[in-house]
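Just below is one structure, and these are the notes that go with it.
Only this structure's heavy atoms are used, side chains among them; waters, hydrogens and symmetry mates stay out. What you are looking at is a predicted structure, and each value in this text was computed from that prediction instead of being measured.
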Amino acid sequence: MAPKPQKRKRTKHAKTKMTLPVSEEAEPLNMESMGHPEIYPLVLTTKTQEIFNCRVDEDVTEEQPYKLIKKEDIFVDFANRAAVSDFYPVKKIVQEYPGDELLLVYDRDFKYGLNFYLIGTEEGKENYLNPPELPEEQEEYKDHIPEETYIYRPPISKPWVSLGSEKEIEEESVKESTKQITYMISRKRSEFGAPIKFSDQNASSVKDAYIECTAYSDKNFTLKQLERDVGMQVVPQIKETSTQTRWTHPKNAATQYYPREFLEEEKEALGQSKTLTEFLNSVSTSVEIALQQNEIMNTFIHDWKCLAEEEGTFGDKTDTHLKEYQSFTDLHSLTEKMITCVSWHPVIYGLIAVSVAVRLSFEERVHFSGKLLLQPSLILFWSFSDPIHPQLMLESPDDIFCFQFCPTDPNIIAGGCINGQVVMWDITAHADRIENIKAGGSRSKKVTLKPMFLLEPESNKEAIYIRHCAVSSIESGHRKVITDIHWLPDTFEINRLGNVFENRSGISCQLVTCSADCTICFWDIRPQKALTPQPQAEKKKEESIEIPFDIPSTFLHLDLSWKPLSKIRLSKGETTLDHCPTKLSLSEDNLLFKAQEKILAQSKAVKAGEMNPYQNLENALSNILKPIDDFCTKFFVGTEEGEVIYTDWKMERDPETGRFMAKKPVSLYTVHDGAVHTVQRSPFYKDIILTVGGWNVAIWKEGIMTGPLLQSCCAPKRYTSGHWSLTRPGVFYIGREDGYIDIWDLLEKTHEPAQSQNICITMIMYIKPWTFSAKQQFIAIADYYGTLHILEIPWTLSHPSTNEVSSVSHYFEREVKHLEYVEQRRKIREQEKREMELELEKKKVTDFLIFWLHWIFHALW
Amino acid sequence: MKTLVNFFPDLFQAEVEETLKRIQSHKGVIGTMVVNAEGIPIRTTLDNSTTVQYAGLLHQLTMKAKSTVRDIDPQNDLTFLRIRSKKHEIMVAPDKEYLLIVIQNPCE
């Protein structure tokens with residue numbers, strides 16, 4: 001198609017012609033992609049809309065969205081505005097348009113992208129104006145609108161109206177205030193380009209080379225200070241001097257001193273001097289006055305403070321019942337189990353270890369021994385956060401009847417088996433697993449128990465079975481069940497003869513066990529020095545034993561070859577029967593209640609990178625130890641027959657045979673009607689011991705040989721377990737065989753328990769209280785059916801009243817005096833009895849004499 | 001008086017002992033000791049290490065107290081020193097040559 005020549009109208013406005021950079025052959029954009037090749041979308045600005053009278057919503061509305069525009073008008077617009085014209089993109093189409101008028105449609109919905117579109121063909125125009133009956137058109141066409149002819153109105157000049165802008169313009173304009181200075185500098189032409197020589201010059205040498213403005217103090221500006229605030233102090237004359245020492249290298253220097261003392265003779269001499277007597281005479285009056293003042297009244301007492309009880313109440317003060325907190329049962333075990341021993345973890349909050357044993361009598365055990373071998377005997381670790389799954393399970397070769405955490409390292413546990421073996425566990429490898437248990441996750445009183453099938457896939461923690469580390473030798477240990485096991489504190493050590501030495505290794509490394517075979521054994525966990533060199537064959541045998549991988553080798557030297565350090569047989573003298581010990585209590589036993597800080601400090605030291613002393617037990621042997629003098633080597637033992645024996649572990653040389661024999665017991669009392677199952681020292685008084693057995697309770701004081709301080713009368717039900725309270729000195733808990741717990745308070749009543757509460761339906765096997773904080777104290781009660789109940793001790797039972805310690809100790813002193821009085825009275829009574837008998841004898845003789853005399857007289861007369 | 005001492009040395013000694021015993025028997029008294037001017041104990045009812053410790057410390061304190069009193073008023077002098085602590089009360093009676101120290105537990 002040949003492009004038509006454009007009509008250019010020369011307008012009055014002289015504008016620079018813009019050269020159109022777009023080539024004539026460029027095709028405008030059309031909507032071919034949408035199936036309408038004749039539609040050309042356009043943007044029309046408001047100016048264009050005004051020019052062509054197609055203003056939105058005025059000329060072109062929704063009812064009449066189109067306008068017919070003359071081609072000539074568009075050409076006029078092209079001429080006027082050239083490339084600025086909105087119709088420029090469709091210029092080619094407009095030029096080629098056959099007809100006279102083009103159809104411009106307002107695209108209200110922006111269907112084609114822009115606000116207007118142009119129909120480029122006659123057919124399209126016809127189709128738009130007269131829509132066919134076919135439904136392919138989507139838009140609705142409106143009616144014709146009458147065409148408007150476009151009239152060009154040139155702009156009319158109007159007079160300028162000032163709106164105040166000239167003032168701003170005047171302010172902003174820059175005007176020269178002074179005339180600009182012009183300089184003209186000239187030089188002789190011959191001097192151009194000559195070489196230049198520069199030199200220095202002092203400014204002051206040339207006259208008027210510079211003008212100076214010297215500073216001077218102007219009298220007008222000086223201020224005279226009339227008042228001044230100054231602090232004064234009298235100080236001694238100070239003179240500062242310094243010296244330098246000649247420092248070559250650091251050297252340790254030590255000083256040792258001893259105090260000056262008088263010798264005995266000098267003391268005597270001085271004691272007899274006159275000056276001393278005079279001095280004492282003059283001084284003693286004032287001293288005695290002062291002493292009496294104190295005796296009369298304590299002037300420094302805070303009456304107000306002593307009036308009230310300590311600290312605000314937590315919870316109800318009248319509430320004296322133990323509240324159920326949680327209970328644990330092992331749901332996975334196949335046979336019925338009972339709990340034999342309970343121990344709280346000394347460091348970690350909310351962790352309690354329980355040893356379970358099968359609930360069968362001896363005959364049944366023998367009968368089912370095959371089946372029992374297949375089930376592992378366990379110590380379970382329960383945590384408050386998970387009532388269903390135990391955190392750890394320690395395996396042992398046979399049922400454990402007693403166990404204890406090591407006081408210096410809570411990852412070492414020693415237990416006594418039913419077959420007489422001592423078993424050791426080392427759970428250091430799993431320590432972080434149990435430490436990171438979120439304790440107290442479910443603090444609500446209700447234990448949320450989910451059904452088992454819901455729990456199994458969710459819990460990703462599998463039950464870990466930890467095998468024991470070492471067991472004692474079967475031949476040389478105990479023969480029957482071990483009934484009690486204790487760690488010796490780390491303050492002393494014992495050798496074979498029972499002599500006490502100081503413990504340099506800083507760890508508890510010795511154990512004492514007592515068993516139903518009537519012996520008490522002392523064990524040492526360190527490797528024994530071999531007395532005789534072992535034959536080669538034995539060594540080879542030992543090497544072939546392989547250790548399973550996950551067992552720590554802490555106690556490998558002890559495994560199966562561990563012999564006791566010494567054995568004491570509790571014999572009853574000449575008879576072959578022996579005492580059968582059930583529980584022991586050594587003199588420094590109460591350390592378990594307060595060991596927490598010490599263990600924490602020690603475990604922190606271990607974590608800080610020092611070597612765990614339990615891994616290097618050989619080092620501990622090499623110390624040469626100093627013996628401790630005047631150490632009390634006596635201890636209390638409770639037996640199966642209900643006796644309480646106070647005996648000594650030190651061996652003495654038997655004069656007849658020359659061997660070392662155990663000493664005879666110092667005292668023996670049969671106060672209980674059944675086996676003694678609790679022998680425990682009070683946590684507050686080192687010499688008060690509680691023994692529980694049979695149907696009654698007895699309290700003893702070490703050193704008083706005449707009998708127990710307190711012996712309760714027979715209770716209606718048998719007592720099966722007992723424990724002192726950890727915070728109140730006069731309170732202890734006794735468990736009965738019908739599931740009741742009796743709480744005794746010595747300050748309230750001494751003839752019967754102060755309170756009785758039902759815990760479970762069956763016999764209570766073990767009671768163990770524990771203090772976590774001043775506000776929280778728990779008591780763990782284990783029953784015969786294998787359930788462990790954790791109860792919270794209320795405020796009244798856990799907080800001592802003021803002066804309770806002294807009140808209880810006064811009570812014990814009174815009881816001691818009472819015993820002495822009874823003893824004295826007994827002696828007096830015996831004496832009186834003797835006297836009475838003598839009297840009677842005398843009377844008999846005199847009566848007989850009188851009667852005889854009477855008879856003689858009668859006979860004579 | 002000196003001859004009396006030579007003839008009846010026991011008299012004075014007995015008096016000393018008797019006075020000390022009397023003081024010791026007061027209620028709550030834990031210990032009594034007599035110390036010379038240099039802080040060396042002469043008589044005591046406590047064990048050696050405790051005595052030596054008390055003597056050394058209290059002697060220094062008494063000297064300090066005495067000098068304090070005399071610094072404030074040179075004509076004044078220290079007659080008695082009582083130290084009350086949480087657990088007990090220490091009473092010190094100073095003299096030119098000796099010091100009597102009594103420790104008492106005043107609480108009932």
Side-chain angles (χ1 to χ4, degrees), chain A residues 234 236 255-303 305-307 310 629-630 801-811 813-814, chain B residues 1-2 4-6 8-20 22-29 32 34-36 38-44 48-49 51-53 55-56 79-82 84-86 88-89 91-102 104-108:
Chain A
V234 172
T255 328
Q256 191 170 2
Y257 66 94
Y258 57 90
R260 276 185 303 173
E261 283 175 359
F262 282 134
L263 302 167
E264 282 302 317
E265 308 90 41
E266 286 173 340
K267 279 194 194 166
E268 287 292 322
L270 275 171
Q272 291 167 24
S273 67
K274 194 185 71 163
T275 44
L276 187 66
T277 23
E278 280 175 10
F279 158 70
L280 278 176
N281 287 334
S282 61
V283 142
S284 57
T285 16
S286 52
V287 168
E288 283 183 348
I289 289 174
L291 286 171
Q292 274 164 9
Q293 274 177 355
N294 280 334
E295 281 164 33
I296 295 168
M297 196 184 111
N298 186 1
T299 51
F300 292 98
I301 281 184
H302 279 266
D303 294 320
K305 268 192 204 171
C306 296
L307 192 65
E310 309 166 6
D629 304 319
D630 58 85
S801 52
T802 45
N803 308 323
E804 188 162 327
V805 178
S806 49
S807 309
V808 174
S809 63
H810 280 148
Y811 166 72
E813 279 165 26
R814 285 201 303 271
Chain B
M1 263 321 223
K2 258 198 203 156
L4 260 175
V5 170
N6 291 332
F8 305 104
D10 293 338
L11 194 74
F12 286 107
Q13 182 160 9
E15 211 178 316
V16 163
E17 300 298 339
E18 189 218 307
T19 316
L20 287 174
R22 202 175 67 232
I23 292 176
Q24 178 72 22
S25 63
H26 271 267
K27 180 175 158 214
V29 170
T32 315
V34 179
V35 171
N36 85 335
E38 290 172 347
I40 307 172
I42 299 172
R43 285 267 187 284
T44 175
N48 201 28
S49 51
T51 307
V52 152
Q53 191 179 25
T79 49
F80 207 79
L81 179 65
R82 277 165 90 161
R84 181 63 175 255
S85 75
K86 259 202 298 202
H88 28 248
E89 179 158 340
M91 291 167 230
V92 181
D95 188 65
K96 221 164 40 172
E97 293 163 26
Y98 301 101
L99 221 63
L100 174 67
I101 301 170
V102 180
Q104 187 194 28
N105 186 1
C107 300
E108 286 83 51

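Proximity to chain B is absent for every atom of A/Asn803, based on heavy atoms less than 4.5 angstrom apart. Contact of B/Leu99 with chain A is made through the backbone alone, with heavy-atom distances under 4.5 Å. If you measure heavy-atom distances from A/Glu266 to chain B, you find no contacts under 4.5 Å at all. With a threshold of 4.5 angstrom between heavy atoms, B/Gln53 does not approach chain A through any atom at all.
Among all heavy-atom pairs drawn from B/Pro41 and A/Phe262, the shortest one is O-CD1, 3.7 Å. Nearest approach of A/Ser284 to B/Arg22, heavy atoms of both residues: OG-NH2, 3.9 Å. The two atoms that bring B/Ala93 and A/Val283 nearest to each other are CB-CG1, 3.4 Å, heavy atoms only. Scanning both residues, B/Tyr98 and A/Thr275, for their nearest heavy atoms gives OH-OG1, 3.2 Å.
Rounded to the nearest 0.5 Å, atoms CD (B/Glu17) and OG1 (A/Thr277) are 11.5 Å apart. Annotation: the span from A/Leu280 atom CG to B/Glu18 atom CD amounts to 11.0 Å, rounded to 0.5 Å. Distance CD/B/Glu15 to CD/A/Gln272: 13.0 Å, rounded to 0.5 Å. Interatomic distance, CD1 of B/Ile42 versus CD of A/Glu261, reported as 12.5 Å (0.5 Å rounding). In this structure, the separation between CZ on A/Phe279 and CG on B/Leu100 is 5.0 Å, given to the nearest 0.5 Å. Distance CG/B/Leu20 to CG/A/Leu276: 7.5 Å, rounded to 0.5 Å.
With a 4.5 Å cut-off on side-chain heavy atoms, A/Gln293 and B/Glu89 do not count as touching. Residues A/Val287 and B/Phe80 form a side-chain contact, since some pair of their non-hydrogen atoms from C-beta on lies under 4.5 Å apart.
The greatest number of non-hydrogen atom pairs below 4.5 Å with chain A, out of B/Thr51, B/Asn48, B/Val29, is found for B/Asn48.
With respect to A/Asn294, the side-chain contact (heavy atoms from CB on, under 4.5 Å) criterion is satisfied by exactly one of B/Met91, B/Lys27, B/His26, B/His88: B/Met91.
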